[in-house]
Amino acid sequence: MTNPTSPVRVRYAPSPTGIPHIGNIRTALFCWVLAQQTEGQFIVRIEDTDRSRYDADAEKAIFESLEWLGLGLDEGPGKGGNYGPYVQSERQQTYIDAAHRLIESGHAYFDDTTPEQLHALRERQRAAKQPPRYDGRGRHRSPEEIEESRKAGLPITVRLKVPDHGSVSFVDAVRGKITFELKELDDFVILKSDEMPTYHLAHILDDQAMGITHVIRGDEWISSTPRHLLIHQALGIEPPEYVHVPLILGKDKAKLSKRHGATSALEYRDLGFLPDAVFNFMCLLGWSPGDDTEVMAREEIVKRFSIDRINDSPATFDSEKLEWMNGVYIRNMSEDDLITQLLPFMERSEAEGGLPDSVARPIDRDYLKQVIPLVHERLKLLTEGTETLDFFFADNVNPAAEDLPGRKMDAEMTERALVAALELCKDVSPFEPEHLEAEYRALAEKIEMKPGQLFSPIRVATTGKSFAPPLFDTMAAIGQERCVERIDNAIGILRSAAATSAD
RNA sequence: GGCCUCGUCGUCCAGCGGUUAGGACACAGCCCUUUCAAGGCUGAGACCGGAGUUCGAUUCUCCGCGGGGCUACCA
């Protein structure tokens, strides 16, 4: 199928039973993109018909995820629209009415089989190596019998009559034609005993009422689509276009779930990923523009997206490439944007991954702006700002003695390098990168060391780490006074370590 | 077990009857370089198997194998 040219009405219809994971969010992404492309509507509907599994935090997380990813909705809870309410529990009566209409038209019936009886039935079938299937016994219950059961307080459900022969088929926009034999299906529940509808009934009624043109949902729904087709038939309405997108699997190839580590969009936010990068990356999981383009702005994805280029096969989620892409997005950001994004992460408490608590908050934005060019291209995650920049903000650093020597340097040589470095550091002026470099190169020659050998201990002494931005820019940004202190301090660390090991 | 579905480098994606099977991430080496990155170059790395169809199959069909999904008064 080629892309729709007229505006689509698509919905993201999560059930608030857990934090939505990225596989789930990706279908929202596809919906949103298609709505943008066709200038249609992206609708969010909360499917909270399972009262026992309802989770208010999950519902919050759903909207937070959408907002973080920039997937603005056109209609939905909190947003409004002409087809509300957009929460299924608030639409209960329409489902009840429809179920009763289906009974009246002979397409459905009340069933008073108890869960225990159902369980026993399945056990028997399993024992006889039959597929577990409801046997349709409720079809033969008289209204009187049902009424009796009702009075006795037995749970009453409504089931759809499924013909025992024939087949249904539909054309899925990504899979093509799919056919199911009706004899494989049993009479399934459409209205539960608490008078809440099952997903099957509810979503169809809502999609119909809300004018949904394309049902974009995960692959796991393919096997229940024949049920949905049957309900449409019984109701005398036309089914929408079906677009089943392949699942996203975890590293173990199983359907993504909590045990796969970070799987929700919000976790990626907290890990320091950028929404644009995640958006871009997720779109590429199960879809490609057809050429080798990978880094694409939102607008380009919107322009190029097409249903017929959605993949057939499930994708395994691997965040390595996402990290790379996040780095690309960070490098493409302006310094000011980066600072704005970085600040909240760096200002968290030390325990939460922020700068040492001794550093005053709010963080000095001007100073950050001064040093950010030194680390900009080195960052892959927003959370890395802290460890990459801490030594600029801290009062002092405390390198371990064994980290101070550079390659092929012993303690004595390291000390010699640092002592010489300290002397120069005290007097050198101006304290600017180019001048520092010239002076220190000259010093290296004078004390007969390779530049790298001299620089390495200085780097560790001034930053506390062996990996850091270019040394002389770094020193200049740290400032002469603190550099002197730090080198001096490092010499002390080296000497006391030597004294200890000499004992 | 039954039904549905998928099967190209470790991973994500190209390929839609004829290609030295392409790109990206990751990996290795080299270059650049005061470290780490970034960047450049190079390398290694895949058509699940078997039958058919065809002059010719990674591509089409069937079977097998493997993966996944569903098989609830959950969605």
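For the numbers below, each heavy atom of this structure counts, side chains included, while hydrogens, waters and symmetry mates do not. Sequence lines set the chain letters: A, B, ... in the order given, protein chains first and strands last, and positions in each chain run from 1.
Rounded to a whole angstrom, the distance from the C1' atom of rC47(B) to that of rC41(B) is 28 Å. Nucleotides rG29(B) and rA38(B), compared at atom P, are 15 Å apart to the nearest Å. rC60(B) and rU20(B) have their C1' atoms separated by 25 Å, with the value rounded to a whole Å. rU5(B) and rG10(B) have their C1' atoms separated by 24 Å, given to the nearest Å. Between rC6(B) and rG45(B), the distance separating the two C1' atoms is 23 Å to the nearest Å.
The local environment of NE2 in His100(A) is crowded, with over 12 non-hydrogen atoms from other residues, nucleotides or ligands closer than 6.0 Å.
Phosphate proximity of rA75(B) to Lys192(A): present, with a side-chain N or O under 4.0 Å from OP1 or OP2. Contact check, Arg331(A) against rG39(B): a side-chain N or O comes under 4.0 Å of OP1 or OP2. Note on Arg159(A): a side-chain N or O is less than 4.0 Å away from OP1 or OP2 of rC73(B). Phosphate proximity of rC73(B) to Arg122(A): present, with a side-chain N or O under 4.0 Å from OP1 or OP2. The phosphate of rG68(B) has neither OP1 nor OP2 within less than 4.0 Å of any side-chain N or O from Ser313(A). For rA14(B), one of the phosphate oxygens OP1 or OP2 lies less than 4.0 angstrom from a side-chain nitrogen or oxygen of Ser288(A). At rA14(B), one or more side-chain N or O atoms of Asn311(A) fall inside 4.0 Å of OP1 or OP2 (strictly under the cut-off). Close to rG1(B), at under 4.0 Å from its OP1 or OP2, lies no side-chain N or O of Arg126(A). Taking only side-chain nitrogens and oxygens, Arg133(A) never comes nearer than 4.0 Å to OP1 or OP2 of rG1(B).
Thr17(A) comes within 4.0 angstrom of no nucleic acid atom, judged by non-hydrogen atoms across all strands. Residue-level contact check: Thr179(A) touches the backbone only, with heavy atoms under 4.0 Å from sugar-phosphate atoms and none from bases. Using a 4.0 Å heavy-atom distance criterion, Pro246(A) is classed as making no nucleic acid contact. At a threshold of 4.0 angstrom between heavy atoms, the contacts of Asp292(A) include nucleobase atoms, whether or not backbone atoms are also involved.
rG1(B) is paired with rU71(B) under the Watson-Crick or G-U wobble criterion, all donor-acceptor distances under 3.5 Å. rC30(B): Watson-Crick or G-U partner is rG40(B), with both key distances under 3.5 Å. With a cut-off of 3.5 Å on both pairing distances, the Watson-Crick or G-U wobble partner of rC55(B) is rG18(B). Using the Watson-Crick or G-U wobble rule with both distances under 3.5 Å, rC25(B) pairs with rG10(B). Across all strands shown, rC62(B) forms a Watson-Crick or G-U wobble pair, both distances under 3.5 Å, with rG50(B).
Salt bridge Glu147(A)/Arg150(A): present, at least one basic N to carboxylate O contact under 4.0 Å. A salt bridge links Asp50(A) to Arg53(A): one of the charged nitrogens lies within less than 4.0 Å of a carboxylate oxygen. A salt bridge links Arg45(A) with Asp207(A): at least one charged nitrogen is closer than 4.0 Å to a carboxylate oxygen.
At least one donor-acceptor pair under 3.5 Å links the side chain of Gln125(A) to the backbone N or O of Arg133(A).
Taking atom OH on Tyr54(A) and atom C1' on rC73(B), their separation rounds to 21 Å, with Å as the unit. One can place CD of Glu320(A) at 5 Å from C1' of rA26(B), the figure rounded to the nearest angstrom. Between the CG atom of Asn332(A) and the C1' atom of rA38(B) there is a distance of 12 Å, rounded to whole Å. A straight line from CD of Gln117(A) to C1' of rC73(B) spans 14 Å, rounded to a whole angstrom. Atom CD in Glu184(A) sits about 7 Å away from atom P in rC4(B), given to the nearest Å.
The base of rC70(B) does not come close enough to the side chain of Ser223(A) for any donor and acceptor atom to sit less than 3.5 Å apart. With hydrogens and angles ignored, no donor-acceptor pair under 3.5 angstrom links the side chain of Gln130(A) to the base of rG1(B).
Of the candidates Arg137(A), Arg159(A), Arg141(A), Asp111(A) forms a salt bridge (charged side-chain N to carboxylate O under 4.0 Å, His left out) with just one, namely Arg159(A).
For the residue pair Asp187(A) and Tyr109(A), a side-chain donor N or O sits within less than 3.5 Å of a side-chain acceptor on the partner.
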